[in-house]
Amino acid sequence: MAPAAGPEEQFNALALGSRFFFDGQGTASAAAAMKRYCDLLGEETINGLPPAQWLAEKELTKPDGPRVLGDGVARFCPDRGATLKAASEGSYERWFVAGTYEVGSGPKQMPAGAYVAAGALRECYWERTAKSGEVLDNQFATSAQEARVTVRTGDGQFTSRGCGAWRPAR
């Protein structure tokens, strides 16, 4: 009689039978990659985003992501279950990194509100534009410790470069 497969072998089989892939982990197996993801979920940020937002926007959207990551978190890092739950439910604070965002309440939009970017900001530029593209307000800082902006309900877009992550102001 063959010995029962261990948690790593069971997870490897699940991952191999799915369409989910682990990005850039450079590990020998899906189980090893998942353990690396568990470590990442314990970090303050992943690629400039809070872990729950990173999961929601980058990993749970992949084919079979919820199933594979749900099994992996339960199996290898159950203490990260709250992060996975927040990502799945969308109940996390959203940050906004470099790019242009339409202002609104949709999943890929930036809600109106006050935001702050903090840290060693170099060559930080942001602008608020009308729906027509007309610049309503903007700022460029060659060096700053903090930048603040209030995105208004009637704005069309918000664009940022070199400012790090914009977090809701408290």
Side-chain angles (χ1 to χ4, degrees), residues 1-111 113 115-126 146-147 157-170:
M1 179 191 285
E8 286 85 4
E9 291 83 12
Q10 290 172 355
F11 185 77
N12 288 338
L14 170 75
L16 280 172
S18 76
R19 295 174 296 152
F20 184 82
F21 59 94
F22 288 94
D23 286 329
Q25 295 305 308
T27 57
S29 69
M34 185 63 222
K35 289 176 183 179
R36 175 69 184 122
Y37 272 45
C38 288
D39 292 341
L40 287 172
L41 295 178
E43 300 289 328
E44 184 179 330
T45 64
I46 305 170
N47 296 332
L49 299 174
Q53 184 176 353
W54 176 78
L55 269 177
E57 294 178 3
K58 308 289 186 204
E59 301 300 315
L60 291 177
T61 59
K62 293 178 180 177
D64 296 324
R67 182 171 61 90
V68 172
L69 293 170
D71 184 275
V73 166
R75 202 178 287 271
F76 301 116
C77 53
D79 57 321
R80 306 286 188 236
T83 301
L84 179 61
K85 182 178 181 196
S88 299
E89 295 174 350
S91 59
Y92 54 87
E93 180 178 88
R94 286 182 64 211
W95 298 359
F96 298 88
V97 293
T100 298
Y101 300 92
E102 201 175 299
V103 176
S105 59
K108 302 244 184 212
Q109 297 178 324
M110 184 176 201
Y115 294 88
V116 63
L121 309 180
R122 303 284 183 264
E123 308 298 321
C124 169
Y125 176 78
W126 63 261
E146 179 177 281
Q157 295 80 226
F158 175 78
T159 299
S160 172
R161 290 187 305 272
C163 301
W166 292 94
R167 302 174 185 192
R170 300 194 196 290

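We use all heavy atoms of the structure for the numbers below, so side chains are in, but hydrogens, waters and symmetry mates are not.
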Student: Could you tell me whether a side-chain N or O of Arg161 sits under 3.5 Å from a main-chain N or O of Glu123, the two making a donor and an acceptor?
Tutor: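 Not a single qualifying donor-acceptor pair exists.
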Student: For residues Phe158 and Phe96, establish whether the separation of their ring centroids is below 6.0 Å.
Tutor: no
Student: For Gly6, is there any backbone N or O sitting under 3.5 Å from a side-chain donor or acceptor partner on Glu9?
Tutor: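 Confirmed, Glu9 side chain pairs with Gly6 backbone.
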Student: CD/Gln10 to CG/Leu14 distance, rounded to the nearest 0.5 angstrom?
Tutor: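 If we round to the nearest 0.5 Å, Gln10:CD and Leu14:CG are 9.5 Å apart.
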Student: Around atom NZ of Lys62, are there more than 12 heavy atoms of other residues, nucleotides or ligands at under 6.0 Å?
Tutor: yes
Student: Has Asp71 got a side-chain atom pairing as donor or acceptor with Arg67's backbone, closer than 3.5 angstrom?
Tutor: no
Student: I need the Met34 CE to Cys77 SG distance, nearest 0.5 Å.
Tutor: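 One gets 4.5 Å once the value is rounded to the nearest 0.5 Å.
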Student: At what distance, to the nearest 0.5 angstrom, does CG of Leu84 lie from CG of Leu41?
Tutor: 8.0 Å
Student: Measure the spacing between OH of Tyr115 and CE of Met110 and express it to the nearest 0.5 Å.
Tutor: 4.5 Å
Student: Would Tyr37 and Trp54 count as a ring pair (Phe, Tyr, Trp, His ring centres under 6.0 Å) here? Give the steps.
Tutor: CA-CA 11 Å; Tyr37 272 45; Trp54 176 78; 5.4 Å; yes
Student: To the nearest 0.5 Å, what is the distance between SG (Cys124) and CD (Glu146)?
Tutor: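 The SG atom of Cys124 sits 11.0 Å away from the CD atom of Glu146.
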Student: Is the side chain of Gln53 donor-acceptor paired with the backbone N or O of Trp95 at a distance under 3.5 Å, no angle test?
Tutor: yes
Student: Hey, is the main chain of Val97 close enough, under 3.5 Å, to the side chain of Tyr101 for a donor-acceptor pair?
Tutor: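 Yes: the side chain of Tyr101 pairs with the backbone of Val97.
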Student: Measure the spacing between CZ of Phe22 and CZ of Arg36 and express it to the nearest 0.5 Å.
Tutor: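 The distance works out to 12.5 Å.
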Student: Are Glu93 and Pro168 close enough that some pair of their side-chain heavy atoms sits under 4.5 Å apart?
Tutor: yes
Student: Report yes or no: does Arg80 contribute a side-chain atom to a donor-acceptor pair with the main-chain N or O of Cys38 at less than 3.5 Å?
Tutor: yes
